[in-house]
2 protein chains.
Amino acid sequence: MAVKKSPRAATPTDEQRFLKGYDASRFYRPSVAVDVALVTAVEGELATLVITRTEHPFKGFQALPGGFLREAEGLDEAAARQLQTKTGLSGVYLEQLYTFGDVGRDPRTRVVTVAYYALVDGNRFRKATAGKDAITATVRVPWEGETGGPVELVDATGRPLRLAFDHDDVIGMAIKRLRGKLDYAPIGFQLLGDTFTLLELQRVHETVLGRPVNKDSFRRRMLASGQLDATGRSQRGVDHRPAELYRFARRSAV
Amino acid sequence: MAVKKSPRAATPTDEQRFLKGYDASRFYRPSVAVDVALVTAVEGELATLVITRTEHPFKGFQALPGGFLREAEGLDEAAARQLQTKTGLSGVYLEQLYTFGDVGRDPRTRVVTVAYYALVDGNRFRKATAGKDAITATVRVPWEGETGGPVELVDATGRPLRLAFDHDDVIGMAIKRLRGKLDYAPIGFQLLGDTFTLLELQRVHETVLGRPVNKDSFRRRMLASGQLDATGRSQRGVDHRPAELYRFARRSAV
DNA sequence: AAAATAGTGTCTATGAGACACTATAGT
DNA sequence: ACTATAGTGTCTCATAGACACTATTTT
């Protein structure tokens, strides 16, 4: 994302001398963490992966997978590492969301956390939650549109989950971002497998937006967008006329 | 932005004992800074305030106003403080943009910087740049739409400015965000004074978007949006028919 | 009167929503 | 044959763009 920087100012010797004498410990340094909201859409509901905390603070509460930033890694790298370590997933869509840094948000010490969200299809999500402590949390979004705010999470039995820190805010912001980008960016595809029917894509959009979308105009828009490649193959084993399977057309670098 | 958190887990004594024994220095902690891109639109051009660095690294380069996060302040607070300290401005529109944390972005030490952007009208911007080291940098955006990327900055005489760190990326992302939000959020008004004509508002939109917008439909959209209150007053001293002055209608909490 | 921009009315093109209709699989 | 969803064609309505025309100020 960020572009590398090469030029530097002043005479090398002068600057090098300065840098050598620089003492980073002069300034206050908070802890920095990354948290990842892994989001999927299954059966008309949004879900995210949470882990029950076994340590203080918020012991017994659910938290997003996350952890402290390491010295030799960038933020995106740290988020990908957390995802890999805690869920076994790699190569998924991952995007920075927002940075949370309120003074009292972590009772241990000051922690500034850079929140990310990741998108996967239902199958990969299921594999990710097969791990020991992971819980699939169904997301209940108490607002329409992109108004933001925290969300409510329930487990598979419908019981409310208590989220640690401000992690319900993080998930709320992920939903907000998702809804806002859905019509512009090719992110709906990230919530589906390799091939899918137009109706499946529509259901994903409806799940994310939390409202039904018009079938006719949705089809037209999608087919006209140039983002879909027809595979020529069709569904099999459905008890009605099978729909054509499409594939997401990764735009070639034009 | 973030919602306060009150409930806590487990028995108080147990958790309190844990927190007392917590050693924050066990984990690596990078420096955390905030940088603010103060943006305005004047005479068809976007401008931002930069400060010439008098210290290494990037001595002699221009940088955004910014500085290290303090122990007792939140991120938004820190950004507002930087703006107040470095430009004298307060009470302006301020929004978190993105967090930059590449390993080598600051040669002194690892610095994670939370970037903000702020919007002001031309008059307030002029006052802000009246300060000693501040320079008005005109922003040249080498792309249309919201494609992102760094921008090029020139001073009042058209000479290119060299930006420190990845600050050209930060400004580029501010433009990107601005363009993306302009049609949804009431941010165009932030770039104008208390009252303004529809043409002035249109010029601001054109400046932000980097392209002309249709006059007729712009008027219709704005008037239909309910975001404008007619003041009943008109321009004075212009050599043509004076336009009505409008005011931004801060939506009451409906 | 001329110049310049403000503001209105209307026509057209485009895209979304609604709806009717045909197509094709499994049972 | 029946059911359920796929997919097409067409009409309507809302909105953006284009354009013509009138209004009002200073010089």
Side-chain angles (χ1 to χ4, degrees), chain A residues 43-44 144-146 179-180 182-186 188-189 192-193 195-249, chain B residues 43-44 144-146 179-180 182-185 188 192-193 195-249:
Chain A
E43 289 167 19
E144 279 199 12
E146 305 167 32
R179 287 186 175 176
L182 192 61
D183 284 336
Y184 306 88
F189 312 106
L192 290 164
T195 62
F196 46 85
T197 70
L198 285 174
L199 186 59
E200 286 168 346
L201 183 60
Q202 182 182 340
R203 295 282 176 256
V204 160
H205 276 242
E206 291 177 331
T207 302
V208 169
L209 297 174
R211 60 175 174 80
V213 308
N214 183 273
K215 173 190 162 187
D216 308 70
S217 92
F218 181 78
R219 290 178 65 90
R220 263 183 311 214
R221 254 196 310 136
M222 284 302 143
L223 292 173
S225 74
Q227 291 180 113
L228 294 181
D229 282 343
T231 61
R233 293 182 297 125
S234 294
Q235 281 181 309
R236 302 181 68 95
V238 288
D239 59 347
H240 55 267
R241 172 174 174 180
E244 175 147 27
L245 290 169
Y246 288 86
R247 186 189 305 281
F248 170 47
Chain B
E43 289 167 20
E144 280 199 12
E146 305 166 32
R179 286 185 176 178
L182 191 61
D183 284 335
Y184 307 89
L192 290 163
T195 62
F196 47 84
T197 69
L198 285 174
L199 186 59
E200 286 169 346
L201 183 59
Q202 181 181 342
R203 295 280 176 257
V204 162
H205 277 241
E206 291 176 331
T207 303
V208 170
L209 297 174
R211 60 175 174 80
V213 307
N214 183 274
K215 173 190 162 189
D216 309 70
S217 90
F218 181 79
R219 291 178 66 88
R220 262 184 311 214
R221 255 195 310 134
M222 284 302 143
L223 293 174
S225 74
Q227 292 181 111
L228 293 181
D229 281 343
T231 62
R233 292 182 298 125
S234 293
Q235 282 182 308
R236 303 181 67 95
V238 289
D239 58 346
H240 55 267
R241 173 174 174 181
E244 175 145 29
L245 291 169
Y246 288 85
R247 188 188 306 279
F248 170 47

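Chain identifiers are assigned alphabetically (A, B, ...) following the order of the sequence lines, protein sequences preceding nucleic acid strands; residue numbering begins at 1 within each chain.
- Here salt bridge (Lys or Arg N to Asp or Glu O under 4.0 Å) pairs that include residues 221-233 of chain B, with residues two or more places apart or in two chains, are D183(B)-R221(B).
- L199(B) has its CG atom 12 Å from the C1' atom of dG7(C), to the nearest Å.
- E244(B) comes within contact range of the sugar-phosphate backbone alone, with a heavy-atom separation under 4.0 Å but no base atom that close.
- Considering all non-hydrogen atoms of both residues, V213(A) and E206(A) come closest at N-OE2, 3.0 Å.
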List the atom pairs, with distances to 0.1 Å, where a side-chain N or O of residues 237-247 of chain B and a protein N or O form a donor-acceptor pair under 3.5 Å, not counting sequence neighbours.
unit_1	atom_1	unit_2	atom_2	d
E244(B)	OE2	G232(B)	N	3.1

Counting primed atoms, P, OP1 and OP2 as sugar-phosphate and everything else as base, the B/S/- map of nucleotides 12-25 of chain D against protein heavy atoms under 4.0 Å is ----BBSB---BBB

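- Under the salt bridge (charged side-chain N to carboxylate O under 4.0 Å, His left out) criterion, R179(A) pairs with no residue, sequence neighbours left out.
- Here dA6(C) presents its C1' atom at 17 Å from CZ of R236(B), a figure rounded to the nearest Å.
- Whole-Å rounding puts the L223(A) CG to dG9(D) C1' distance at 15 Å.
- Not counting sequence neighbours, E146(B) has no partner by the salt bridge (charged side-chain N to carboxylate O under 4.0 Å, His left out) test.
- Residue F196(B) contributes atom CZ, which lies 16 Å from atom C1' of dA6(C) at whole-angstrom precision.
- Rounded to whole Å, atom C1' of dT5(D) lies 12 Å from atom CG of L198(A).
- The distance between atom CE of M222(B) and atom P of dA6(C), rounded to the nearest whole Å, is 16 Å.
- Residues meeting the side chain to side chain contact (heavy atoms under 4.5 Å, CB included) test with L182(B), sequence neighbours left out: I187(B), H205(B), V208(B), L209(B).
- Here dA4(C) presents its P atom at 16 Å from CD of Q235(B), a figure rounded to the nearest Å.
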